[in-house]
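Remarks on the structure that follows.
In this text the structure is predicted, and so the values were computed from the model without any measurement. All values below were derived from every heavy atom in this structure, side-chain atoms included, with hydrogens, water molecules and symmetry-related copies excluded. Below, chains carry the letters A, B, ... as their sequence lines are ordered, and counting in each starts from 1.
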Number of protein chains: 2
Amino acid sequence: MSTIREVADRAGVSVATVSRTLQQPDRVSPKTRVRVQEAIDHLGYKPNLMAVKFRSGKTQVLVALVPTVANVFFARVIKGMQEAAASQGYSLLLMNTMGNDEIERNCAKLVDTSQADGVIQLRAFNPFAPDQFQSEALLPMVNACEIVDDARFPTVTLDNRAAAKAMTEHLISLGHRRIAMVKGPQSSPLTRDRLAGYEDALKAAGLSIDESLLCAGDFTLASGYRAATTLLSLPNRPTAIFCENDEMAMGAMRKVREAGLSIPGDISIAGFDNIAFSAYAEPPLTTIAQPAEEFGETAVNLLIDVLNGKTKRAIKVILPFEVITRQSTGPAPTTANL
Amino acid sequence: MSTIREVADRAGVSVATVSRTLQQPDRVSPKTRVRVQEAIDHLGYKPNLMAVKFRSGKTQVLVALVPTVANVFFARVIKGMQEAAASQGYSLLLMNTMGNDEIERNCAKLVDTSQADGVIQLRAFNPFAPDQFQSEALLPMVNACEIVDDARFPTVTLDNRAAAKAMTEHLISLGHRRIAMVKGPQSSPLTRDRLAGYEDALKAAGLSIDESLLCAGDFTLASGYRAATTLLSLPNRPTAIFCENDEMAMGAMRKVREAGLSIPGDISIAGFDNIAFSAYAEPPLTTIAQPAEEFGETAVNLLIDVLNGKTKRAIKVILPFEVITRQSTGPAPTTANL
DNA sequence: CTGCAAAATGTAACCGATAACATCTTTTAC
DNA sequence: GTAAAAGATGTTATCGGTTACATTTTGCAG
């Protein structure tokens, strides 16, 4: 790999001239420019951008902390991040952290060690060392999707509580009174918020909250299936199951069908995320649409603003949701079943 | 951010001693070591790894060219790559190339410009500039999943032809004679190979190939749905539809159900990839399992071998597939329908 | 043709670490 | 006690660019 010095020698100029030819061509005379260009072409010179980044102190790299890249929803967010980053000349370093605090702390060190400029965190966890907490300055991080409550991070989120409330209201309006909820992991604020929205709606409708209708899941198909198994075995089973994501909803639908029950005839099912598969499920799944790509895009743009000092105070962007009504939800069965 | 010089000053030693304290502690006396460590702790010194990488000429970064990160199968491959890379001290720079040659060429430049050490390409395209083609040396690239025929790239693949043949034989053994195939994009070698396997099986069984039963798709749910729409409208419709991936199969199933036909009673459907959703489909999908994570893992390991000069000649790794028989395929309907 | 401003180009410090080599100090052996 | 070996530490060039500042060349007015 040839260096700028070799190019300079071959063109019979100084390294500064070569650098200028590349950076500010108008500061170099046309003759010289041509000569330098020839040398560059001949040697196949490619500037070592590692050297440039080292000197400039800017890496143009953003780190994305993703709990699971093999997740349909996150994949869309990643797509959004990747595209926004690329369009602004940044690279996206993707980390599959499996929601592990230690791994995330290690990833955050990429920033400390000047290997990356900033972090986009999709989980509610601050990976920066506690001593960095002291400072009032904005840390070079943006929190998206599942947000942590820290005033120093710009965040991109969705009103999960309102969304869950809206979906629950949809179910209530269909006559459902025993509505189960399949939650995500306890540790996730998303779960807390969506559960709160569910409770809001029940209370507003004067319905009581039945603990036995709350099931824990982990956002996987299998956990939705398991949750449904539990719910169907209840002496007084629910007429609707609201799952905190589409994967669990599809897992639950599988179980309900296997049990010989009809959806939505016997049991209505609702999800959250509106992944591509949900429109093709049997029956097509009623769910909450989230602008996943936009989450990623917005997060990246916010982070770049922080890095450029454009954002002085951490702001919170709330993206819109939409209730998508499909055929998996319908009128509650008559009381004969209850 | 403090530098090694500041640490040296505070500890009253030279920069070399600080460097040694970090790299080869046994070459430094215990007293000094303690003093240096104190200075490091006090200043919160973190070595600038950008400087290290610049000097060493190794970035410890691998670039992954992924056609679509928002794809369930690729997401698994990415997971495998990410984990293998991390365990060997490499970072994975993920690029969502949308199968665009130009974007991929740009990504390959990351290697030229010393921003990355190597490339993992999941698509059949050589992103390196033609002039680099001249050399006999192995380019720092590994080709996985969909492979290009170039002797200089180690490759990780699956015998797609044999897999498609096996699936087609499964359908034939169930009595199917009119078996449709929903292909991927024309440009994809995967499509060519899977189609060849399908034809192999038909020929071996003495069946003729009916062009009207071949549909083009693009690996999306929607294209599977469209293909099924076309196939169902044929005057002499097929009794089985073999889709080149699970997404298309699930799209096709949706259409078949909507048409009021039974799966597999009227039409059997088979996919390829064994994504998580296929086990939860209605009915659960018969498909070919590919070790997706292993694809990623193997590709990364091969690439690191190339980078370390351990691999002298490009090798080809063929991973195993497995026919997963579920309920979406069954005996062909009696000739009453045909 | 001279003089001076503007344009073009060159010189060298710098970014932050590493490591070869030089130098200084402490053991060890006789 | 001293020489040689071993151990500890320091000095400095280096990686490949960028850029402030210095210097040279060019252009144009007078």
For a side-chain contact (heavy atoms from CB on, under 4.5 Å) check, start with the C-alpha distance between F295(A) and L158(A), then their side-chain angles and the critical distance, and finish with the verdict.
CA-CA 9 Å; F295(A) 265 95; L158(A) 178 130; 3.7 Å; yes
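- Atom pair Q23(B):CD and dG16(C):C1' shows a separation of 13 Å (rounding to whole Å applied).
- Each of R35(A) and I4(B) has a nearest nucleotide on DNA chain C; the 5'-most of these lies closest to R35(A).
- The side chain of S19(A) places an N or O atom within less than 4.0 Å of a non-bridging phosphate oxygen (OP1 or OP2) of dT18(D).
- Rounding to the nearest 0.5 Å gives a distance of 5.0 Å between CG of N96(A) and CD of Q82(B).
- In this model, no donor atom of one side chain and acceptor atom of the other lie less than 3.5 Å apart for T155(A) and N143(A).
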What N/O pairs connect the protein and nucleotides 12-14 of chain D at under 3.5 Å? Give each pair on its own line.
residue, atom, partner, partner atom, Å
dT14(D), O2, R55(B), NE, 3.1
dT14(D), O2, R55(B), NH2, 3.0

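- Classification of R35(A) and E38(A) as a salt-bridged pair fails, no side-chain N sitting under 4.0 Å from a carboxylate O.
- Classification of R123(A) and E146(A) as a salt-bridged pair fails, no side-chain N sitting under 4.0 Å from a carboxylate O.
- Between dT9(D), dT18(D), dG10(C), one nucleotide has an atom nearer to the side chain of V28(B) than all others, and that is dT9(D).
- With the nearest nucleotide of DNA chain D identified for both S29(B) and R20(A), S29(B) has the one nearer the 5' end.
- For D305(B), the side chain to side chain contact (heavy atoms under 4.5 Å, CB included) partners at least two apart in sequence or on another chain are K310(B), T311(B).
- Here the nucleotide nearest the side chain of P47(A), chosen from dT9(C), dG17(D), dA17(C), is dG17(D).
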Fill in: Test side-chain contact (heavy atoms from CB on, under 4.5 Å) applied to K109(A) and N106(A), step by step
CA-CA 5 Å; K109(A) 285 188 190 141; N106(A) 274 324; 3.2 Å; yes
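- D9(B) has its CG atom 11 Å from the P atom of dT11(D), to the nearest Å.
- In this structure, F54(A) atom CZ and dC14(C) atom C1' are separated by 9 Å, rounded to whole Å.
- To the nearest angstrom, C1' of dA17(C) lies 7 Å from OH of Y45(B).
- The nucleotide whose nearest atom lies closest to any side-chain atom of T17(A) is, among dG16(C), dG10(D), dT9(C), dT9(C).
- Atom P of nucleotide dA17(C) and atom CD of Q115(A) are separated by 12 Å, given to the nearest angstrom.
- Contact between the side-chain N/O atoms of T3(A) and the OP1/OP2 oxygens of dG16(D) is not found at any separation under 4.0 Å.
- Side-chain atoms of A51(B) lie closest to dA17(C) of the nucleotides dA17(C), dT18(D), dT9(C).
- At least one side-chain heavy atom of Q115(B) sits less than 4.5 Å from a side-chain heavy atom of K53(A).
- As a whole-Å value, the separation of L49(A) CG from dC15(C) C1' is 16 Å.
- The separation between R27(B) atom CZ and dT25(C) atom P is 17 Å, rounded to whole Å.
- Q37(B) and D41(B) form a side-chain donor-acceptor contact under 3.5 Å, judged by distance and modelled atom types alone.
- Note that the CZ atom of R10(A) and the OG atom of S2(A) stand 10.5 Å from one another [nearest 0.5 Å].
- Comparing the local axis fitted to the first five base pairs of the helix from dC1(C)-dG30(D) to dC30(C)-dG1(D) with the one fitted to its last five gives a bend of 50°, rounded to 10°.
- Protein atom CE of M50(B) is 13 Å distant from nucleotide atom P of dA17(C), rounded to whole Å.
- Residue S114(A) is classed as having no contact, given no heavy-atom separation below 4.0 Å to the nucleic acid.
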